[in-house]
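Per chain, numbering begins at 1; letters A, B, ... match sequence-line order.
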Amino acid sequence: MRVRQALGAEAGMEGMTLCGWVRTKRDSKGFSFLEVNDGSCLKNIQVIVDADVPGYELMPEINTGASVKVVGNLVESPGKGQTWEVQATVIELIGAADPETFPLQKKRHSDEFLRSIAHLRPRSNKYGAITRIRSELSYAIHAFFRDRGFYYIHSPIITGSDCEGAGEMFTVSGFDFANLPRKNGQVDFSQDFFGKRASLTVSGQLSAENMATALGDVYTFGPTFRAENSNTPRHAAEFWMLEPEMAFADLSDDMDLGEECIKYLINHVREHCKDDLDLFGRFVDKSLFATLDSIVDNDFVRLPYGEAIEILKKATQKFEYPVEFGLDLQTEHERYLTEIHFKKPVAVFDYPKEIKAFYMRMNDDNRTVAAVDILVPRIGELIGGSQREERLDVLDARIKELGLNIDEYWWYRDLRKFGTVPHAGFGMGFERMLMLVTGVTNIRDVISFPRTVSHLEF
RNA sequence: UCCCCGGUGGCUCAAUCGGCAGAGCGGGUGACUGUUAAUCACUAGGUUGUAGGUUCAAGUCCUAUCCGGGGAGCCA
């Protein structure tokens with residue numbers, strides 16, 4: 001039986017067995033209290049071990065961090081603070097934890113220290129809670145899209161395409177690095193495993209677009225990799241991204257989907273992770289629930305980029321970076337829009353073509369493209385999406401205009417040659433969604449084993 | 001990559017003008033027949049990130065370097 005089930009019991013029971021890790025022990029003369037946690041929920045269960053219980057002689061070794069097996073009876077607790085407790089009939093020490101070297105105390109630790117013991121931090125309340133919420137949020141993504149008839153597709157992790165167009169890539173190679181084959185001074189990738197240079201994917205979008213032209217509505221949800229030297233609390237070299245793609249859909253459909261998705265995910269974890277989420281509302285961000293309520297209860301603002309520029313120009317606040325049509329919005333501008341001007345999520349759309357990718361659909365004005373960024377308070381850009389350019393001639397013109405090698409895009413162009421359809425999609429950073437939901441401010445704390453610049457431990 | 005702040009016991013921090021390195025928690029030992037961050041008593045624990053330098057004297061000042069945090073850029 002797991003702690004979660006025991007604590008939710010309707011009636012007492014005899015002869016139950018629980019396994020878990022000791023969070024704390026309180027000794028008295030003749031008996032001990034153990035707080036046992038098994039990871040199934042935030043709460044511990046209190047176990048009373050009397051001196052005559054078999055195994056009591058090992059109590060000096062049953063310390064914080066030790067794993068134990070408890071056989072006993074679930075009874076109503078006479079003490080305050082818990083409904084149920086376990087009166088042990090047998091206590092078994094499975095694995096001891098030396099109290100002099102076990103690093104987790106029952107008192108609160110700093111996030112920085114816990115990052116240095118990432119292998120043990122899931123045994124703390126906060127990181128156990130994050131891990132459970134992360135699991136539930138993943139499930140919610142599948143539930144949301146499945147309900148709407150989307151198919152979950154698996155885009156490749158290894159890609160031979162250097163045209164995904166979303167940042168620096170990690171090279172994947174089978175070469176012996178001490179002895180790289182070279183040709184004309186350059187590394188000769190034709191001799192490598194794939195016969196060409198291979199990389200870790202930065203986005204599943206092109207695959208998703210491909211599959212949408214056959215299955216209609218699809219989504220990818222998996223790891224992506226960026227070799228960018230960004231050192232911030234919002235970036236990791238390996239992170240998970242959700243990328244839906246809809247056939248026969250335009251930018252307006254895309255914004256609808258993004259808004260609906262964000263609200264659904266928040267509602268889902270609020271309903272299914274109450275205890276865990278409550279910890280964040282109390283200790284991590286006191287305004288968390290007010291923030292989440294305001295996101296769920298209000299319509300997102302839909303703001304053309306041109307109007308966003310006008311609002312920023314009229315702002316009394318001084319910005320460090322210039323505001324001008326044609327320039328990208330900086331962090332300070334995004335925060336002004338979401339946190340000061342509108343005080344809620346803002347979907348900025350129709351960006352100048354110069355600052356957006358080649359595959360985004362050209363608008364009739366010929367100077368903007370059908371792109372959207374959904375900005376949320378504190379996090380900034382949570383979703384980046386667009387309607388894709390489905391007209392072959394326009395796509396080709398953009399590829400040439402940007403000086404890209406058109407031959408590389410042969411299969412992507414084929415999708416426009418054969419039964420092309422308007423389609424749209426977006427990418428959502430999964431960790432950023434988790435940060436929004438929990439109020440956690442550092443991405444390293446919503447990934448169990450974060451990979452960031454010069455950090456590859458655990 | 002750039003800018004700012006920090007690094008003192010296992011953890012979280014203090015140490016005034018450059019003048020005896022301290023506390024709480026955690027650990028150990030003991031007390032306690034229902035505890036709840038248990039309580040009470042006693043106790044151990046330090047080359048102040050590292051390498052140089054200035055000084056009668058450096059945790060404190062200077063130089064370099066490493067690590068951590070925050071902000072920015074890049075982006076999700």
Side-chain angles (χ1 to χ4, degrees), chain A residues 23-35 43-52 60 63-65 75-82 85 87 97-117 120 124-125 164-168 202-205 223-243 258 319-321 328-335 355-357 373-376 379-385 426-436 441-447 452-455 457:
Chain A
R23 281 294 175 80
T24 168
K25 175 175 68 167
R26 294 182 290 273
D27 287 321
S28 272
K29 192 172 186 75
F31 63 97
S32 293
F33 293 97
L34 297 179
E35 294 281 338
K43 291 196 177 87
N44 307 321
I45 196 159
Q46 175 164 285
V47 178
I48 297 89
V49 188
D50 285 323
D52 57 357
N63 294 305
T64 302
V75 298
E76 282 186 49
S77 177
K80 295 210 162 63
Q82 61 277 320
E85 64 184 23
Q87 189 76 48
D98 178 5
E100 287 197 48
T101 51
F102 185 66
L104 279 176
Q105 302 173 184
K106 42 200 155 186
K107 248 191 121 178
R108 202 181 157 278
H109 286 292
S110 66
D111 291 332
E112 292 79 14
F113 173 68
L114 287 167
R115 264 171 230 153
S116 72
I117 50 165
L120 295 172
S124 69
N125 286 336
E164 288 175 347
E168 294 297 309
V202 293
S203 162
Q205 182 194 314
T224 47
F225 308 86
R226 304 276 168 93
E228 272 147 21
N229 188 11
S230 22
N231 217 315
T232 85
R234 296 182 305 282
H235 293 85
E238 176 178 332
F239 63 99
W240 278 56
M241 193 148 61
L242 164 68
E243 294 176 287
F319 294 117
E320 190 184 340
Y321 288 85
D328 213 347
L329 300 182
Q330 302 296 322
T331 299
E332 56 177 348
H333 305 137
E334 296 178 354
R335 295 189 72 138
I355 57 174
K356 288 294 178 183
D373 284 352
I374 297 183
L375 313 174
V376 296
I379 308 293
E381 186 183 339
L382 178 60
I383 279 179
F426 63 75
M428 174 197 284
F430 182 59
E431 283 78 13
R432 289 192 181 171
M433 186 69 208
L434 260 170
M435 291 165 75
L436 176 67
T441 53
N442 196 314
I443 197 169
R444 296 172 183 89
D445 297 329
V446 296
I447 306 179
T452 55
V453 181
S454 63
H455 289 89
E457 192 66 66

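Distance noted for atom P between B/C74 and B/C11: 38 Å (whole Å). B/U54 and B/C25 are spaced 38 Å apart, taking the C1' atom of each and rounding to whole Å. B/G52 and B/U47: their C1' atoms are spaced 16 Å apart (whole Å). Annotation: B/G9 and B/A44 have their C1' atoms spaced 11 Å apart (nearest Å). As rounded to the nearest Å, B/A14 and B/G24 have C1' atoms that lie 11 Å from one another. To the nearest whole angstrom, the two C1' atoms, one in B/G10 and one in B/U16, are 29 Å apart. Of the P atoms belonging to B/G53 and B/U29, the separation is 45 Å, rounded to the nearest Å. One P atom belongs to B/U39, the other to B/A57, and the distance between them is 46 Å to the nearest Å.
Shown here, B/C17 is classed syn by the O4'-C1'-N9-C4 or O4'-C1'-N1-C2 angle, which is within 90° of 0.
A/Gly79 comes within 4.0 angstrom of a nucleotide base, judged by non-hydrogen atoms across all strands. Heavy atoms of A/Phe31 sit under 4.0 angstrom from primed sugar atoms or phosphate atoms, though from no base atom. Within 4.0 Å (heavy atoms only), A/Phe430 reaches no atom of the nucleic acid at all. Looking at heavy-atom distances under 4.0 Å, A/Gln82 makes contact with a base. Residue contacts shown for A/Asn442 are limited to sugar-phosphate atoms, with no base heavy atom under 4.0 Å away. Counting any heavy atom pair closer than 4.0 Å across all strands shown, A/Glu85 reaches a base atom. Within the 4.0 angstrom heavy-atom criterion, no nucleotide atom of any strand lies near A/Arg108. At the heavy-atom level, A/Gln46 lies under 4.0 Å from base atoms of the strands shown.
Scored by the side-chain hydrogen bond (donor to acceptor under 3.5 Å, both in side chains) test, A/Asp27 finds A/Ser32 as partners (sequence neighbours excluded).
Closest contact between the side chain of A/Gln330 and the listed nucleotides B/G70, B/C74, B/C75 involves B/C74. Comparing B/G69, B/U35, B/C74 by their nearest atom to the side chain of A/Glu112 picks out B/G69.
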- Query: What does nucleotides 1-10 of chain B look like as a protein-contact string, B for base, S for sugar-phosphate only, - for none, at under 4.0 angstrom between heavy atoms?
  - Reply: B--------B

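Side-chain atoms of A/His109 stay outside donor-acceptor range of the base of B/C11, with no qualifying N/O pair under 3.5 Å.
Interatomic distance, A/Arg444 CZ to A/Thr441 OG1, rounded to the nearest 0.5 Å: 10.5 Å. With rounding to the nearest 0.5 Å, the separation of CZ in A/Arg335 from CD in A/Glu332 is 10.5 Å. How far OG1 of A/Thr452 is from CZ of A/Phe239: 13.5 Å, rounded to the nearest 0.5 Å. The line from CG of A/Asn229 to NE2 of A/His235 is 11.5 Å long, rounded to the nearest 0.5 Å.
Taking all atoms of both residues into account, the shortest heavy-atom contact from A/Glu85 to A/Gln46 is OE1-NE2, 3.0 Å.
Put simply, A/Ser110 has a side-chain N or O that comes within less than 4.0 Å of OP1 or OP2 on B/U12. In this structure, A/Gln87 does not reach the B/G34 phosphate: none of its side-chain N or O atoms is under 4.0 Å from OP1 or OP2. Between A/Thr331 and B/G73 there is a side-chain polar atom (N or O) within less than 4.0 angstrom of OP1 or OP2. Listed pair A/Arg444 / B/G68 fails the phosphate criterion, with no side-chain N or O lying under 4.0 Å from OP1 or OP2.
The distance between atom CG of A/Asp27 and atom P of B/C40, rounded to the nearest whole Å, is 16 Å. Distance A/Asp111 CG to B/U12 C1': 13 Å, rounded to the nearest Å.
Using modelled atom types, one finds a donor on one side chain and an acceptor on the other under 3.5 Å when comparing A/Ser203 with A/Glu243.
Residues A/Glu35 and A/Arg26 are paired through a salt bridge, judged by an N-O separation under 4.0 Å between the basic side chain and the carboxylate. Under a 4.0 Å N-O distance rule, the pair A/Lys356/A/Asp328 does not qualify as a salt bridge.
A stem is defined here as three or more consecutive Watson-Crick or G-U pairs, each with both distances under 3.5 Å; for RNA chain B these stems are B:1-7 with B:66-72, B:10-13 with B:22-25, B:27-31 with B:39-43, B:49-53 with B:61-65.
A donor-acceptor distance shorter than 3.5 angstrom exists from the side chain of A/His455 to the backbone of A/Val453, with no hydrogens or angles considered.
Relative ring orientation between A/Phe113 and A/His109 is described as tilted, the plane-to-plane angle lying within the 30° to 60° band.
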